[in-house]
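Scroll down for the structure; my scribbles are underneath it.
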Amino acid sequence: MPPEIIPETEIDELELKLGFKFSNRDLLRQALTHESFVNEWGVENSSDEVQSYERLEYLGDAVLNYTVANALFERSLTATEGEMSIGRAHIVCRDSLAKAAQRLNLGDHVLRGKGETAYSPNVRDSVLEDSFEAIIGAVHEDQGYEAARHFVFRHLGRQIERVAEHGVDKDPKSAFQELVQGAGLRTPRYWTGMAGTGPNGQQQYLARVSVGGQVVASGLGDSKSKAQKSAAANAQSIFADGIPEKFVRMATTPEKADAANGQTSILPSAVRSSGSTFDGFRRIGKWLGNVLLRKDNSSPGRQLIYKRSE
């Protein structure tokens, strides 16, 4: 990669931030080169080969996942497979890696094409995440796994230790779902739409969370996921002092909850309170045998037939 794309003085500054000196500085240049830049550069400079960070990002992602998984395995001696998987996913995710990249101001150094820059004046979180992983891959290629492991711990070590010691706080959506289901309410549902751009130029999203058709709260975020988490967190705070009266009425009985949502159960009470599973199916079959399907412009005598498999 031509060194003038990212000058030596800028590489000096980057290495100081990263806490790592490269033997092959072109690996660092590649780790900061977005595909959009490669496409535009190739049109104007056919003689100079420039590669994007995609291959390094692939390697860095694998190295990062192994390093974090191994660290949690060694430090969380009583954690289950599921708990370790949740912990690793909490660390190796877009939000976490983009924040690590922001602490290093990687956005000031990522090479992007004019089209990508016009689409998003500020470097998107997905690009920051990929660049950070690509740098891990570049460190691994430059000086091997131990160097890459030290790099990961230098920039994510506190988070790894915290998760290993305390686990992961529940995602706001999971916590709110457990709260409402524990009260006998329906599973929360989310609606998400675009809400213009924020002060930093990033697309903003608005999410609303509802229970039983009733909107509980809304939230904003620069991704759909963040907006939904914000809405769930706001809903939790509303339910913190007790379930609001209109939701309490929904939770009285399953039948009343259905009615509150504008729904009526199609099964007779004998089936809803059936004993054995087979008896339940037998009753359903007997009931369905008497049901007539009536649709506009169709024969009113069409009968829905239930057959028990042999």
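- Of all the heavy atoms in Ala71 and Ile160, the pair that sits closest is CB-CG2, 3.8 Å.
- Using a 4.0 Å cut-off between charged side-chain N and carboxylate O, Arg94 and Glu133 make no salt bridge.
- Inter-residue side-chain proximity for Leu59 and Glu141 is flagged as met; some heavy-atom pair is nearer than 4.5 Å.
- Linking ILVMFWY side-chain heavy atoms closer than 4.5 Å, directly or via other members, places Tyr205 and Phe176 in two distinct hydrophobic clusters.
- Heavy atoms only, all atoms of each residue included: Ala31 and Leu56 are closest at N-CD1, 3.9 Å.
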Arg186/Val180 under side chain to side chain contact (heavy atoms under 4.5 Å, CB included): CA gap, chis, key distance, verdict: CA-CA 7 Å; Arg186 291 182 174 275; Val180 298; over 6 Å; no
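- A single hydrophobic cluster is seen to contain both Phe132 and Tyr145, as judged by linkage of ILVMFWY side chains at heavy-atom distances under 4.5 Å, directly or through other members.
- Between Phe37 and Arg112, the closest side-chain pair of non-hydrogen atoms is not below 4.5 Å.
- Counting heavy atoms from C-beta on, the side chains of Leu18 and Leu28 come closer than 4.5 Å.
- A salt bridge links Asp12 and Arg25; the closest N-O separation between the charged side-chain nitrogens and carboxylate oxygens is under 4.0 Å.
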Would you check, one step at a time, whether the test side chain to side chain contact (heavy atoms under 4.5 Å, CB included) holds for Gln204 with Thr197? CA-CA 5 Å; Gln204 294 290 298; Thr197 56; 5.7 Å; no
Step by step, would you call Phe20 with Phe22 a ring pair (Phe, Tyr, Trp, His ring centres under 6.0 Å)? CA-CA 6 Å; Phe20 183 85; Phe22 282 85; 4.8 Å; yes
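- Contact check for Ser218 versus Leu206: side-chain heavy atoms found under the 4.5 Å cut-off.
- Proximity of Val139 to Gln143: side-chain heavy atoms (C-beta onward) are nowhere separated by under 4.5 Å.
- Proximity of Val215 to Val209: side-chain heavy atoms (C-beta onward) are nowhere separated by under 4.5 Å.
- Remark: Asp95 engages Lys226 in a salt bridge, criterion side-chain N to carboxylate O under 4.0 Å.
- Judged by a 6.0 Å distance limit and a 45° cone about the ring axis, Lys173 is positioned over the six-membered ring of Tyr190.
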As a quick check of understanding, evaluate side chain to side chain contact (heavy atoms under 4.5 Å, CB included) for Asp61 and Asp130, giving each step before the final call. CA-CA 8 Å; Asp61 177 68; Asp130 292 346; over 6 Å; no
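- A salt bridge between Arg158 and Glu161 is absent, with no side-chain N of the basic residue lying under 4.0 Å from a carboxylate O of the acidic one.
- Taking the charged nitrogens against the carboxylate oxygens, Lys114 and Glu40 have no contact shorter than 4.0 Å, which rules out a salt bridge.
- Between Asp142 and Asn24, the shortest heavy-atom contact is OD1-N, 2.9 Å.
- Counting only heavy atoms from C-beta outward, the side chains of Leu128 and Leu97 never approach each other to under 4.5 Å.
- Note on Glu116 versus Arg124: salt bridge recorded, some NZ/NE/NH1/NH2 to OD/OE distance being below 4.0 Å.
- Proximity of Gln202 to Asp125: side-chain heavy atoms (C-beta onward) are separated by under 4.5 Å at one or more points.
- For the salt bridge (Lys or Arg N to Asp or Glu O under 4.0 Å) test, no residue two or more places apart in sequence or in another chain qualifies with Lys224.
- Across every non-hydrogen atom of Ser96 and Gln159, the tightest pair is OG-OE1, 3.0 Å.
- When all heavy atoms of Cys93 and Ala89 are compared, the pair lying nearest together is CB-O, 3.3 Å.
- Here the closest non-hydrogen pair linking Ser76 and Ala164 is OG-O, 3.1 Å.
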